[in-house]
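Remarks on the structure that follows.
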Amino acid sequence: MAESKKMLANYVPVCHAPELGIISTDNVLLDKEGLKQQLLKLKTAGIDGVMSDVWWGIVESKGPKQYDWSAYRSLVELIKECGLKMQAIMSFHQCGGNVGDEVTIPIPQWVLDIGEANPDIFYTDREGDRNKEYLTLGVDHLPLFHGRTAVQVYGDYMKSFKETMADLIGEVIIDIEVGLGAAGKLRYPSYPQSLGWVFPALENFRCYDKYLKAAFKEAATKAGHPEWELPDNAGTYNDTPDSTEFFGSNGTYLTDKGKFFLTWYSNKLITHGDDILDEANKAFLGCKLKLAAKISGMHWWYNSPSHAAELTAGYYNLYDRDGYRPIARMLSRHDTAILNFTCLEMRDSEQDAAAKSAPQELVQQVFSGAWREHIEVAGENALSRYDSYAYNQILLNARPNGITNKGVPKMHGFTYLRSSDDLFEDTNFELFKIFVKKMHADQEYCSDPAKYGKRTEAIETFKAEDSD
């Protein structure tokens, strides 16, 4: 029995993400019986829970503070009926325009209407193109939304969710992931496919709305350089980094001006995440669950000197500067926060050499930094895969030291993206079942997270410190 408990410490729970369109844009849970049968079949594979977006654009679509949680209440009750746990994502972004988006769910129309009169509420590139996936962090603390700031809007949404689901939080809903940017990740929308970006070409900085331009000018002036402006030499979509002055050999990113801009750009993003997680702490105060924030796996150009993909997304990561540990440090101030990272299925050998990609090294760097800051990590796959190579890579990342009698370090949990007809084909599903069993360290399914080390302490207020 004691040995079994030791092995159970290696257990990594697996959640599964249903198809994106399970709740329609007019707020109806579609094909409830079909979804139930799908979840019950997944339960035969041993999965521990379900991850689902809770779309702002659906719930608060009718107007400010006019919330309708009915479809999501039905979904959570169905998950409970199937004997599973739930990870709920507070999705403040648009669905559509990113990898894997098969449906379109805009942000609320009343917010888009404000943007018609004031398009600077959206992230903007140097050419003036607006991205309507997510509000610019430049409006986080401006009362532009019928008297509320963007951060207040997000906070009110989470409070309403907590009030509506109070009897299911802690019992069924055990994790809340807080959307912090495009695609739900803490990043700038630097590579929108809707504007013609094609992997692995260059992305764009997204800080040219009037609010962020003014913020940068104020910061530069305070630093004694009122003449400094936002970059105008970082190229355009589908350039290569080496073809630009900013990212090229001995480029602007290495100068004092470039370093100042990149520090400002990344710190604004970290502060944005910190402020919204503070709202989440307040909204879910006293609840027995974990908060999570997702970081994007910008693995292309990782092996180039400039790390251009990461820099444009807001991760100031270079060979001599860790761009992820400051994010982990920010998360550590929120006692129950988890760093959720993507691209766990990818191997370096599978990538196009021209992309100078290194997903394996990137995952190792991010996870190591988080563990050094004493926070938990979780993960998911970036692309749908059904093969043993991908599953084995996930297993390696989940428990980098293998199975030990101490069970650490290991991931807090893994989410498989996402349901499809391909997954349920006999051969693919049998392989998926084997994968789940291996994630569970060959232990039987365990319905009590406390037995494999998932803490259930109630959320407390965050530890107030200045952001790095």
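All values below come from the heavy atoms of this structure, side chains included, with hydrogens, waters and symmetry mates left out.
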(message) Are His93 and Trp56 an aromatic pair, judged by ring center distance below 6.0 Å?
(response)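 No - the distance between ring centres of Trp56 and His93 does not fall below the 6.0 Å cut-off.
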(request) Examine Phe260 together with Trp264 and report whether their ring centres are nearer than 6.0 Å. (result) no
Should we say atom [atom1] of [X] is surrounded by more than 12 heavy atoms from elsewhere, each under 6.0 Å from it?
X	atom1	value
Glu373	CD	yes
Glu361	CD	yes
Asp448	CG	yes
Lys438	NZ	no

Is a donor on one side and an acceptor on the other found under 3.5 Å between the side chain of [X] and the backbone of [Y]?
X	Y	answer
Asp53	Trp55	no
Lys410	Ala9	yes
Glu279	Tyr154	no
Thr312	Ala308	yes

Does a side-chain heavy-atom distance below 4.5 Å link [X] with [Y]?
X	Y	answer
Glu380	Asn340	yes
Ile176	Met90	yes
Lys132	Pro106	no
Ile105	Gln94	no
Gln152	Asp140	no
Trp300	Leu202	no
Leu137	Tyr211	no
Val54	Tyr157	yes

Minimum heavy-atom separation for [X] to [Y], with atom names?
X	Y	result
Asn204	Tyr265	O-OH, 4.5 Å
Ser296	Tyr191	OG-OH, 3.6 Å
Phe247	Ser306	O-CB, 3.6 Å
Lys268	Ala215	NZ-CB, 4.2 Å
Tyr134	Phe92	CD1-O, 3.5 Å
Val50	Cys15	N-SG, 3.9 Å

Nearest-0.5 Å distance, [atom1] of residue [X] to [atom2] of residue [Y]:
X	Y	atom1	atom2	value
Phe432	His16	CZ	NE2	5.0 Å
Arg347	Tyr389	CZ	OH	6.5 Å
Ile327	Leu269	CD1	CG	6.5 Å
Ser52	Glu177	OG	CD	11.5 Å
Leu344	Tyr416	CG	OH	13.5 Å
Ile174	Lys288	CD1	NZ	13.5 Å

Salt bridge flag under 4.0 Å for residues [X] and [Y]:
X	Y	result
Arg148	Asp156	yes
Lys217	Glu229	yes
Asp125	Arg130	no
Arg385	Glu350	yes

Check the angle between the aromatic planes of [X] and [Y] and answer parallel, tilted or perpendicular using the 30° and 60° thresholds.
X	Y	result
Phe161	Trp69	perpendicular
Trp228	His225	parallel
Phe246	Phe205	perpendicular

(request) Would you please test His146 and Lys65 for side chain to side chain contact (heavy atoms under 4.5 Å, CB included) and show each step? (result) CA-CA 10 Å; His146 296 268; Lys65 294 190 178 182; over 6 Å; no
(request) Decide yes or no on salt bridge (charged side-chain N to carboxylate O under 4.0 Å, His left out) for Asp274 and Arg333, but give the supporting numbers first. (result) CA-CA 9 Å; Asp274 202 15; Arg333 289 195 289 276; 3.4 Å; yes
Polar contact flag, side-chain donor to acceptor under 3.5 angstrom, [X]-[Y]:
X	Y	value
His141	Thr149	no
Gln365	Asn317	yes
Thr415	Gln87	yes

(request) Sort and list the pairs that fulfil salt bridge (charged side-chain N to carboxylate O under 4.0 Å, His left out) and have at least one residue in residues 163-172, not counting sequence neighbours. (result) Arg73-Asp167, Lys80-Glu171
(request) Identify the residue among Leu291, Asn281, Val178 that makes a side chain to side chain contact (heavy atoms under 4.5 Å, CB included) with Met158. (result)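 Of the listed residues Leu291, Asn281, Val178, the side chain to side chain contact (heavy atoms under 4.5 Å, CB included) partner of Met158 is Val178.
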(message) Can you tell me which residue among Asp442, Ile403, Asn401 is in a side chain to side chain contact (heavy atoms under 4.5 Å, CB included) with Asn10?
(response)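 Considering Asp442, Ile403, Asn401, a side chain to side chain contact (heavy atoms under 4.5 Å, CB included) with Asn10 is found only for Ile403.
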(request) Could you check Asp175 against His412 for side chain to side chain contact (heavy atoms under 4.5 Å, CB included), going step by step and ending with a plain yes or no? (result) CA-CA 11 Å; Asp175 290 330; His412 174 82; 3.8 Å; yes
(request) Take Leu339 and Tyr324 through the test side chain to side chain contact (heavy atoms under 4.5 Å, CB included) and record every step on the way to the result. (result) CA-CA 10 Å; Leu339 189 155; Tyr324 300 98; 6.0 Å; no
(request) Applying ring-ring contact (aromatic ring centres under 6.0 Å, His included) between Tyr188 and each of Tyr315, Tyr123, Phe122, Tyr316, report the one that passes. (result)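 Answer after filtering Tyr315, Tyr123, Phe122, Tyr316: Tyr123.
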(message) Using the rule side chain to side chain donor-acceptor pair (under 3.5 Å), only one of Asn118, Thr124, Thr136, Asn131 pairs with Asp209; which is it?
(response) Thr136
(request) Test Asp242 against Ser249 for side-chain hydrogen bond (donor to acceptor under 3.5 Å, both in side chains), laying out the working first. (result) CA-CA 7 Å; Asp242 289 344; Ser249 178; over 6 Å; no
(message) Using side-chain hydrogen bond (donor to acceptor under 3.5 Å, both in side chains), reason through Tyr11 and Asp48 one step at a time and then give a plain yes or no.
(response) CA-CA 11 Å; Tyr11 188 107; Asp48 301 87; 2.7 Å; yes
(request) Starting from the C-alpha separation in whole Å, work towards a yes-or-no answer on side chain to side chain contact (heavy atoms under 4.5 Å, CB included) for Lys213 and Cys207. (result) CA-CA 7 Å; Lys213 285 173 74 173; Cys207 53; over 6 Å; no
